[in-house]
Amino acid sequence: MQENLVIVESPAKAKTIEKFLGKDFMVKSSFGHIRDLSKKDLGINLADGFAPVYEIPKDKRKVVDELTRAAKDRTVWLASDEDREGEAIAWHLTEVLGLPVEGTKRIVFHEITKRAILEAIENPRTVDMNLVNAQQARRVLDRLVGFELSPVLWKKVRPSLSAGRVQSVAVRLLVEREREIIAFRSTPYFRVVAQFHAAGDKDRTLFKAELPTRFESREEAEAFLRSCVGATFTVAKVEEKPVQRYPAPPFTTSTLQQEAGRKLGMSVSQTMSVAQHLYEQGLITYMRTDSVNLSTLALAQCKEQITNLYGEKYSSYHNYKTKTKGAQEAHEAIRPSYIERQAIEGTPAEKRLYDLIWKRTVASQMVSAELDRTTITIAIDGRREQFVATGEVVRFDGFLRLYSESTDEEPAEDSEGLLPKLSAGDEVLYQTITATQRFTMPPARYNEASLVKRLEELGIGRPSTYAPTITTIINRGYVVKQSKEGQKRTYEQLTLAGGSVSAKTLSESFGKEKNRLQPTDIGMLVNDYLEQQFAPIIDYNFTANVEKEFDRVAEGDITWDKMIAAFYGPFHRMVDTAIETQSDKHGQARVLGADPKTGRTVKARIGRYGPMVEIEGEGEEKPRFASLKKGQLIESITLDEALALFALPRTLGEWEGEPMVVGLGRFGAYVRWGKSTFASLAKGDDPYTLTLERGVELIKAHQAQRTAANTPIRSFAEDPDMLVKNGRYGAYIAYKGKNYRIPKGTKPEELTLDECLKIVAASKK
DNA sequence: CAGTGAGCGAGCTTCCGCTTGACTT
């Protein structure tokens, strides 16, 4: 029998470590935390110094039983992560497994390499109770905030809402950005770009130069172009300077989510799920990390790879330091487990994510790129303005050969290129000078990854919670994730060529958005309420401030219950005040104007079923209501947009004696034929312009589908109860009122009764 | 499941951070 039991947090980690430790060691995993505050109530005894009431959640019972059995008669090594949560897990294990805190071996390692693990075994310590207490303070504070604030919202706004230290700040960021966008007024301006060539250049090789001055009006832009007609253009200054570009550090959870979003179009939760698969297959290191550190083993492998692929001059050791507030660095950066594996087998998403991780990791240990940046300033005689041409030439590509990081900003409109050799005093001639109308842009809405980035900058949330936090605020209805079609607009362009100025009007699309996060009316209402009643809690610095207190607890400077008491007093008074204060449950109605048809007031407000617009009633006549569409906000909807909402439901006509109506329901746009035959509109259909013919098509398709769904694929004369049907998620077995999944690889149309009965019997246990 | 918007009120909702499977009709 093995004499030792090592307990880690993750089962994949357990497997790897077991290989390193040899036969005297059994390695098991706790699957994260094994105890938590009681879920039934507050889980904190306020009268007894905030004593936490811990219990083992149902789904952890099995793990705990197994660990208890394994710990019997063995030396236990607690190898949970080296951070606050990991220390707490170790302590909970001592409590639950009945181990003494003093005398139980606690070991830590930051990388899963044989050397690191053997070294850890050589240097055990005991559980650090100060650090554990800092975690208890964190846990208790979060519970107090979440479980005291949420019920205030149920009472004062609407049931089932939630508030918390992390999620409420995430919503606040989105709300404030949205209000900046609503308040933004786009202003037009004219941007001037010239195509020049050197006067002495027979080939007339063109290069671009831009005027840093922007003109506010067409008149000014035109006047400028006219003044250029007979002007002489002379090079005033040529500046050449070398610049270095450095590779980005290896991935953390947050930067991986950002790059996978930008480069691969993956959502935050998709990225995490694919990364989890790679991790479980042993292909990458742990994917929930805030560290940019690489093990010395990985560094050596990087150097070897780079030397093999590109030669030694491309390799350069970089030691990255985290800039993240509150980073705990319990793990390595996210990197391939074996750097020499350049590609893997797997799903397309797995391959692409792995490739991204591999390139980022290897590039981080490559030499910086060297570029020459040239700036040429061109003077215009008779005018103060000067054109500026910039060019960048890569002198040595370095890491750029393998990888370059993407940015959130729109790509520059004109790519910078090679500039001709010119010196001060040279004359240049223009081929064209164009003044193009542009428009100032509102700030961009956050997407998932840029929100994560902002939260990380504020030190709010942890790698393990970024993805779930986004899910939570979407599930609560505070936020929607959506794409928007671009809108068309026209712009003017003036061109000076051949001594005369011509003008034309062009059109472009703008404002196209993909998967952006936008707050809802409820999100805004809740945010405003919290800001009013609980400003200190949703302050951007709240987390950073309490983290300082947790650090004091971890240092042993203050006891955790004293820290919590100091917080709870003022906090609970805020809760009491909020409950006593009358609130405006639905917020204020916003008057949009008068309905041009009736002259009656049109208002937007939150109703029982969510945000809506209303045309007020008068005397006997009832008011008319219409729900707002996803993405429309009470704060920003216009009168015209509101009136358009009353265009539905709309009668298309009659088909086979029954009326056909198109409308918007809870599940999107639908057509209704007669009283109760409903069909959803397809993706390209627009309820506002749908024709009767299309309505008939949709209803017919719907009926055909229903017939198909009700016709079993397989039935058996011997047992009429047994049916194989086609459902939303593919074929399934229906037997005596219950449904059963068909195992992968089985062809449903070839199933026999025996096989069906076997599947039913197998799923019973 | 598909339009609604009066009012009453039982019983329920909720946090953040660690970890993976489970598994729909």
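Atom set for the values below is all heavy atoms of this structure, side chains included, hydrogens, waters and symmetry mates excluded. Below, read A as the first sequence line, B as the second, and so on, with proteins coming before strands; counting in each chain starts at 1.
- Taking side-chain N and O atoms only, A:Gln135 has no distance below 4.0 Å to OP1 or OP2 of B:dG17.
- Among the atoms of the strands shown, none is found under 4.0 Å from any heavy atom of A:Tyr466.
- Among the heavy atoms of the strands lying under 4.0 Å from A:Gln167 are primed sugar atoms or P, OP1, OP2 only; no base atom is included.
- A salt bridge does not link A:Glu658 to A:Lys675: none of the charged nitrogens lies less than 4.0 Å from a carboxylate oxygen.
- Salt bridge annotation for A:Glu616-A:Lys603: present, with a cationic side-chain nitrogen under 4.0 angstrom from a carboxylate oxygen.
- A salt bridge links A:Glu614 with A:Arg605: at least one charged nitrogen is closer than 4.0 Å to a carboxylate oxygen.
- Within the 4.0 angstrom heavy-atom criterion, only backbone atoms of the sugar-phosphate kind lie near A:Asp81; the bases stay farther away.
- Of the charged side-chain nitrogens involved, none lies within less than 4.0 Å of a carboxylate oxygen, so that A:Arg84 and A:Glu87 do not count as a salt-bridged pair.
- Among the nucleotides B:dC16, B:dG21, B:dG5, the one closest to the side chain of A:Phe625 is B:dG5.
- Residue whose closest nucleotide on DNA chain B sits further toward the 5' end, between A:Trp154 and A:Gly32: A:Trp154.
- Judged purely by distance below 3.5 Å, without hydrogens or angles, the side chains of A:His110 and A:Glu329 never pair a donor atom with an acceptor atom.
- The A:Phe31 side chain lies nearest to B:dT20 when the options are B:dC18, B:dA2, B:dT20.
- Counting non-hydrogen atoms under 4.0 angstrom, A:Val166 reaches the backbone sugars and phosphates but no base.
- Ion pair A:Glu18/A:Lys15 not flagged as a salt bridge, since none of the NZ, NE, NH1 or NH2 atoms sits closer than 4.0 Å to an Asp/Glu carboxylate oxygen.
- Taking 3.5 Å as the limit, the base of B:dC16 and the side chain of A:Arg143 contain no donor-acceptor pair of atoms between them.
- Taking atom NZ on A:Lys39 and atom C1' on B:dC12, their separation rounds to 14 Å, with Å as the unit.
- Taking 3.5 Å as the limit, the base of B:dC18 and the side chain of A:Arg288 contain no donor-acceptor pair of atoms between them.
- Because its NZ or CZ atom is not both nearer than 6.0 Å to the ring centre of A:Phe542 and within 45° of the ring axis, A:Arg165 does not count as a cation-pi partner of that residue.
- At a threshold of 4.0 angstrom between heavy atoms, the contacts of A:Arg165 are confined to the sugar-phosphate backbone, with no base atom among them.
- Distance from the side chain of A:Phe147 is smallest to B:dT14 among B:dC16, B:dT20, B:dT14.
- Between the base of B:dT14 and the side chain of A:Ser162 there is no donor-acceptor pair shorter than 3.5 Å.
- Comparing B:dC16, B:dC18, B:dT20 by their closest approach to the side chain of A:Asp83 singles out B:dC18.
- If you check every strand for non-hydrogen atoms under 4.0 Å, A:Arg605 touches nothing.
- If you check every strand for non-hydrogen atoms under 4.0 Å, A:Ala163 touches sugar and phosphate atoms only.
- Using a 4.0 Å heavy-atom criterion, one finds that A:Gly617 contacts no nucleic acid atom at all.
- A:Pro468 comes within contact range of no nucleotide atom at all, as no heavy-atom separation falls under 4.0 Å.
- Atoms NE2 (A:His331) and P (B:dC18) sit 8 Å apart, rounded to a whole Å.
- Among the atoms of the strands shown, none is found under 4.0 Å from any heavy atom of A:Gly86.
- Within the nucleic acid shown, A:Gly164 comes within 4.0 Å of sugar-phosphate atoms alone, with no base atom in reach, counting heavy atoms only.
- In this structure, CG of A:Asp59 is placed 14 Å from P of B:dT20, rounded to the nearest angstrom.
- Listed pair A:Arg476 / B:dT14 meets the phosphate criterion, a side-chain N or O lying under 4.0 Å from OP1 or OP2.
- Comparing B:dC18, B:dG21, B:dT4 against the side chain of A:Ser627 picks out B:dT4 as the nearest.
- One finds no side-chain N or O of A:Arg139 lying less than 4.0 angstrom from the OP1 or OP2 phosphate oxygen of B:dC18.
- Contact annotation: A:Ser464 reaches the phosphate of B:dC18 (side-chain N/O to OP1 or OP2, under 4.0 Å).
- Cation-pi geometry between A:Arg476 and A:Tyr478 is not satisfied (NZ or CZ under 6.0 Å from the ring centre, within 45° of the ring normal).
- Residue A:Leu153 is classed as having no contact, given no heavy-atom separation below 4.0 Å to the nucleic acid.
- Here A:Phe678 does not pack flat against the base of B:dC1, since the 5.5 angstrom centre distance and 30 degree tilt limits are not both met.
- For A:Thr465, taking side-chain heavy atoms from C-beta onward, the closest of the listed nucleotides B:dT19, B:dC16, B:dA2 is B:dC16.
- In this structure, the nucleotide among B:dC18, B:dT20, B:dC15 sitting nearest to the side chain of A:Thr472 is B:dC15.
- Residue A:Asn475 contributes atom CG, which lies 10 Å from atom P of B:dT14 at whole-angstrom precision.
- Of all nucleotides listed (B:dC15, B:dT14, B:dT19), B:dT14 comes nearest to the side chain of A:Pro151.
- Residue A:Arg462 places at least one side-chain N or O under 4.0 Å from the OP1 or OP2 atom of B:dC18.
- What separates CG of A:Leu37 from P of B:dT14 is a distance of 17 Å, to the nearest Å.
- Put simply, NZ on A:Lys62 is 10 Å from C1' on B:dG21, counting in whole angstrom units.
- Taking atom C1' on both B:dG9 and B:dT13, the two are 16 Å apart, rounded to the nearest angstrom.
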